[in-house]
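Single-structure report; data block below.
Every chain is numbered from 1 and lettered A, B, ... according to where its sequence line falls, protein lines coming before strand lines. For clarity, every value in this text was computed on a predicted model and none was experimentally measured.
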2 protein chains.
Amino acid sequence: MDNVNTIIKHAEQYCKTHGARLTPKRKKVLSSMLQSTKALSAYDIIDFCKREFNETIPAMSMYRILEFLENEHLIHKLKLANKYVACAHITCNHDHAIPQFLICGQCDKVREISINKSTIRKLRENVETAGFELVSPQIEMNCICLSCKHSVA
Amino acid sequence: MDNVNTIIKHAEQYCKTHGARLTPKRKKVLSSMLQSTKALSAYDIIDFCKREFNETIPAMSMYRILEFLENEHLIHKLKLANKYVACAHITCNHDHAIPQFLICGQCDKVREISINKSTIRKLRENVETAGFELVSPQIEMNCICLSCKHSVA
DNA sequence: TTCCAAAATGTTACATTGTAACATATCATA
DNA sequence: TATGATATGTTACAATGTAACATTTTGGAA
């Protein structure tokens, strides 16, 4: 939780550097996501903010806040699951690598890992050969995490 | 179009080998998808069947038919786009490689290509190191096709 | 300090995608 | 042709997402 505050502060600083405003609501949304180990849907976050902060955020606003946070690279949208996760590298100051997401189909737990550059290069070559161009090489993979795997038997 | 019929026949044979039934409705749905160069949503296909075959298929039935066709590996579900495409390899008799999809974000055109095995192996290793297990290594990538890229300017 | 334009948030009313629960029709074959 | 399995239809919703317009808040400029 203290860790969460540290990250929020980082995010705040980062936004300031280019005149973006991390408003109280945006902060609450980001904080909700940082506190979760699993991917959350927009409506999950709405519920969380209501429970945790007693703050009612309408769906439209939530989607706008999520869009803002995504543009700031503070969160990622997982299209595979229609869910959102905080970026695992907010406090890193270097440029971020291309993210690769492992999503547990049972419990929505998410792990963000990085693809090495040579693999990405190969993918990009494949794509160009086929007459397409990669817009975002973010890759999301359907997985099952070990704890779910073992509990299912 | 003749090509479509050939593929449908293959699919029919393929289903017969394990007692699955490619009913007239299922055939119409598969045929619709084979005639399209782009990914279609369930409701797109419903519209297409109405227009082309004057056949009204309720949403529930459409989803069930799509599920059947997916289980038979005759189509793929693209989770990135919530859309469906016919498998590009229905008439191949060999086992299918892991599919990799390039999806044009502008026009929904889809290209199905194959990842080479060493790349897949690397991915799988990455995933296992992180304490997850790959359920389906199908990869979908947000792209833009060259014709859309050029027309956008 | 006050006023204004831009940015952020709220409201309403829908569109789209998908499914649960139950009813009916069709088929394969004993 | 009777019967159980398979396929399809119906109804009524749940979940996700957005368009259009209204209101509030905020950070400067006059």
For residues 9-24 of chain A, which residue pairs qualify under salt bridge (charged side-chain N to carboxylate O under 4.0 Å, His left out), counting only residues two or more places apart or in two chains?
Glu12(A)-Lys27(A)

Each nucleotide of nucleotides 25-30 of chain C classed B (base within 4.0 Å of a protein heavy atom), S (only sugar-phosphate) or -, in 5' to 3' order, makes --SS--

Rounded to whole Å, CE of Met62(B) lies from C1' of dT10(D) at a distance of 16 Å

With Ser41(A), which residues qualify under side chain to side chain donor-acceptor pair (under 3.5 Å), at least two apart?
Asp44(A)

Ala11(A): side-chain contact (heavy atoms from CB on, under 4.5 Å) partners, not counting sequence neighbours
Leu22(A), Leu30(A), Leu74(A), Ile90(A)

Rounded interatomic separation in angstrom, taking CZ from Arg26(A) and C1' from dA8(C)
6 Å

Can you run down the salt bridge (charged side-chain N to carboxylate O under 4.0 Å, His left out) pairs that involve residues 70-79 of chain B, sequence neighbours left out, and say none if there aren't any?
none

Validation row: Met33(B), Tyr84(B) side chains within 4.5 angstrom (heavy atoms)
yes

For nucleotides 17-21 of chain C, print each protein N/O atom paired with a nucleotide N/O atom at under 3.5 Å, atom names and distance only.
{"unit_1": "dG18(C)", "atom_1": "OP1", "unit_2": "Asn82(B)", "atom_2": "OD1", "d": "3.2"}
{"unit_1": "dG18(C)", "atom_1": "OP2", "unit_2": "Tyr63(B)", "atom_2": "OH", "d": "2.8"}
{"unit_1": "dG18(C)", "atom_1": "O5'", "unit_2": "Tyr63(B)", "atom_2": "OH", "d": "3.4"}
{"unit_1": "dG18(C)", "atom_1": "N7", "unit_2": "Tyr43(B)", "atom_2": "OH", "d": "2.9"}

Donor-acceptor contacts, no H, no angles, side chain residues 60-68 of chain A, under 3.5 Å, sequence neighbours left out:
none

Pick out the pairs of N or O atoms, protein on one side and nucleotides 12-14 of chain D on the other, that lie under 3.5 Å.
none

Whether Ser61(B) contacts dA7(D) is assessed here as follows: a side-chain N or O lying under 4.0 Å from the phosphate OP1 or OP2. Is that the case?
no

Hydrophobic cluster (4.5 angstrom, side-chain heavy atoms) - remaining members for Phe101(B)
Leu78(B), Leu80(B), Val85(B), Ile103(B), Val110(B)

Under the salt bridge (charged side-chain N to carboxylate O under 4.0 Å, His left out) test, which residues partner Lys83(A), sequence neighbours left out?
Asp108(A)

All N/O donor-acceptor pairs, side-chain side in residues 45-56 of chain B, below 3.5 Å, sequence neighbours left out:
{"unit_1": "Lys50(B)", "atom_1": "NZ", "unit_2": "Asn54(B)", "atom_2": "OD1", "d": "2.8"}
{"unit_1": "Glu55(B)", "atom_1": "OE1", "unit_2": "Lys28(B)", "atom_2": "NZ", "d": "2.6"}
{"unit_1": "Glu55(B)", "atom_1": "OE2", "unit_2": "Lys25(B)", "atom_2": "NZ", "d": "2.8"}

Quick one: Lys28(B) NZ to dA7(D) P, roughly how many Å, whole number?
16 Å

If I take atom CZ in residue Phe68(B) and atom C1' in nucleotide dT6(D), what distance separates them, rounded to the nearest angstrom?
11 Å

In chain order, what residues pass the side chain to side chain donor-acceptor pair (under 3.5 Å) check against Ser32(A), with sequence neighbours excluded?
none

Do we see a donor-acceptor contact under 3.5 Å between the side chains of Gln35(B) and Ser31(B)?
yes

